[in-house]
There are 2 protein chains.
Amino acid sequence: MLVNAAVARSTQSFPPAVGRGLPAGDMAPLDRLGTLVDVARDATLFYEGDLADHLYRVVSGAIRLCKVLPDGRRQLAAFFLPGDLVGLDLGSSHSFAAEAITDSVVLKLPRQRVETLVGENPRLGRALLSLAVERLVAAQSQMVLLGRKNATERLASFLLGLIERTGQAASDRPTLTLTMTRADIADYLGLTIETVSRTFARLKQLNAIALPHPQRVVVRDRELLEELAEEAD
Amino acid sequence: MLVNAAVARSTQSFPPAVGRGLPAGDMAPLDRLGTLVDVARDATLFYEGDLADHLYRVVSGAIRLCKVLPDGRRQLAAFFLPGDLVGLDLGSSHSFAAEAITDSVVLKLPRQRVETLVGENPRLGRALLSLAVERLVAAQSQMVLLGRKNATERLASFLLGLIERTGQAASDRPTLTLTMTRADIADYLGLTIETVSRTFARLKQLNAIALPHPQRVVVRDRELLEELAEEAD
DNA sequence: CGGAGTATTGAAACCTATCAACAATTGTGG
DNA sequence: CCACAATTGTTGATAGGTTTCAATACTCCG
């Protein structure tokens, strides 16, 4: 499951998507420590209930944060892409599990080292606070989606969010590669896989998107997608 | 709307419910600055889109954090009780509005002062980070509720959460006073007022609660309520 | 090429929303 | 303190979107 990867330390820079809000380079000190770890598809970074004694930075691949209810219902709270930090709830017990959606590489940072670093480097502390707040705002916006939006609005919002996060925002006809399955999307949007599938069909029929392949989405009409998403912003 | 209150500074200590997780007294420095402000029922602390240039601490009353979609659908992201901090997303634009549920008093802290204080006092920064993470975890747990739970499970979870937050946890037969209306509860749980009302009736019929008054809930069977809530924890 | 996993599509059931009427509570003024 | 009006909450009947159950198609890979 968790296998040490070829230790390619060096001063490599990770893709964006981290402190998309404010401080960018302030997170850099974190990359100086920690070990690179390979995580196979569907392997677990940490389980719900585990002590949160490590912080992870996604180097490549994709991670899902999820919880399973006693009767098997599942809800995803977030998708993490390269550059993202996983496991901010340091010190407590994880209330969600983290699993690899595809074969991934993560940088694993011991909690203690992180805290030492934060103690020495106030800017890093500030950057982490900004990041946590940013995540909180995103979570609240997902609460609006889950609480009040219908299936079409949910999927449209999801696709628009992916466009933002993957840096396709500038493109006039953004193309997305969905690393996650319909089940993951469904559990993230609070729907079933069947409804997700039907809703993809609806978006296709409305000419908002094309679906040359189940995993490949071509946005044909971004404005329409935005109307369908009913974003308040 | 926003009226300056009698300036009762002093070293009064606010009710708990703040850093319920880890650092408690580390938040204290915040109370040294800022002005007390009266907020009338249904008045607005800040609107969605406003620049977040103040942090608020609830002294008395209750605050709701909410967003309204273009067509009028509303979703609440949080209820804030005495001791809670409102407006953590300092520096950006508020993505949610904050409104008083009842006549309330809040301590209003200018952003700049807060940031200065954080710069001088690393423990405060750490406390704010813990708080933000705690909020994030709560938001994620609310995502499970909104995405996967039915009406009964939602209301049961909501009542149990209130018991925790209001310090009734120890009581064998906790009694809650609901300061918010059915509409607020509905918009927090992603339901309609009718469904909330019917679900209260169901909980009453199951003898999980008694409802001597629409605003007063007596928990008659906490274990049953916990079973009904289907909490994964 | 064939089998496992994944995605799509159809029909029926179910839970919640909607529309509507009524009851209870609160607040106000006489 | 009562009466009325306005607000808030409850309850009923129906409609509707999503889920569930089921069958079929597609994709990936050995």
Side-chain angles (χ1 to χ4, degrees), chain A residues 40-42 64 69 71-75 101-103 145-159 176-206 209-217 228 230, chain B residues 40-42 64 69 71-75 101-103 145-159 176-206 209-217 228 230:
Chain A
R41 179 168 184 271
D42 286 332
R64 62 174 171 249
L69 294 181
D71 63 359
R73 284 174 290 179
R74 190 178 75 143
Q75 176 70 39
I101 292 173
T102 63
D103 291 345
L145 182 149
L146 294 170
R148 290 300 178 209
K149 292 188 179 178
N150 64 31
T152 304
E153 294 164 341
R154 290 183 198 200
L155 190 57
S157 299
F158 171 68
L159 293 176
L176 296 169
T177 300
L178 304 175
T179 57
M180 65 291 288
T181 65
R182 295 291 186 269
D184 284 333
I185 297 174
D187 289 343
Y188 182 59
L189 300 180
L191 301 170
T192 61
I193 53 178
E194 293 94 331
T195 298
V196 169
S197 192
R198 279 186 253 268
T199 308
F200 266 120
R202 204 172 308 151
L203 292 182
K204 205 166 55 176
Q205 185 195 321
L206 291 170
I209 64 170
L211 219 55
H213 177 92
Q215 310 259 60
R216 182 160 300 267
V217 180
L228 291 173
E230 283 275 343
Chain B
R41 179 167 184 271
D42 286 333
R64 63 174 169 250
L69 293 182
D71 63 357
R73 284 173 290 178
R74 192 178 74 143
Q75 177 68 41
I101 291 173
T102 64
D103 292 345
L145 181 149
L146 293 171
R148 291 300 178 210
K149 292 189 179 178
N150 65 31
T152 304
E153 294 164 342
R154 292 184 197 200
L155 190 57
S157 299
F158 171 68
L159 294 176
L176 295 169
T177 300
L178 303 175
T179 56
M180 66 290 287
T181 64
R182 295 291 185 267
D184 284 333
I185 297 173
D187 288 342
Y188 182 59
L189 299 180
L191 301 170
T192 60
I193 54 179
E194 294 94 332
T195 298
V196 169
S197 192
R198 277 186 254 268
T199 308
F200 266 120
R202 202 172 308 151
L203 292 182
K204 205 167 55 177
Q205 184 195 320
L206 291 170
I209 63 170
L211 220 55
H213 178 93
Q215 311 259 60
R216 183 161 299 267
V217 180
L228 291 172
E230 282 277 343

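Excluded from the calculations below are hydrogen atoms, water molecules and symmetry mates; all remaining heavy atoms, backbone and side chain alike, are included. Everything numeric in this text was worked out from a predicted model, so none of it was measured. Here is how names work: the chains are called A, B, and so on, in the same order as the sequence lines, proteins then strands, and each is numbered from 1.
Side-chain atoms of B/Arg202 and base atoms of D/dT10 include no donor and acceptor less than 3.5 Å apart. Between the side chain of A/Arg182 and the base of C/dG5, no donor-acceptor pair of N or O atoms lies under 3.5 Å. Not a single donor-acceptor pair, N or O on each side, falls under 3.5 Å between the base of D/dT18 and the side chain of B/Arg148.
Looking at heavy atoms from C-beta onward, B/Phe158 lies out of side-chain contact with B/Thr199 at the 4.5 angstrom threshold.
If you check every strand for non-hydrogen atoms under 4.0 Å, A/Leu189 touches nothing. At a threshold of 4.0 angstrom between heavy atoms, the contacts of A/Ile193 with the nucleic acid are absent. The residue B/Thr181 sits close only to the backbone: its heavy atoms come under 4.0 Å of sugar-phosphate atoms, none of a base. Nucleic acid contact for B/Arg216: none, since no nucleic acid atom lies under 4.0 Å from a heavy atom of the residue.
Within the 4.0 Å cut-off from OP1 or OP2 of C/dA7, not a single side-chain nitrogen or oxygen of A/His213 is found. Taking side-chain N and O atoms only, B/Thr195 has a distance below 4.0 Å to OP1 or OP2 of C/dA17.
From A/Arg74, atom CZ reaches atom CG of A/Leu69 across 11.5 Å, with rounding to the nearest 0.5 Å.
Mapping A/Ala151 and A/Pro214 onto DNA chain D by nearest heavy atom places A/Ala151 at the nucleotide closer to the 5' end. For the pair A/Arg198 and B/Arg198, nearest-nucleotide mapping onto DNA chain D gives the more 5' position to B/Arg198.
The nucleotide whose nearest atom lies closest to any side-chain atom of B/Gln215 is, among D/dT10, C/dA17, D/dG9, D/dG9.
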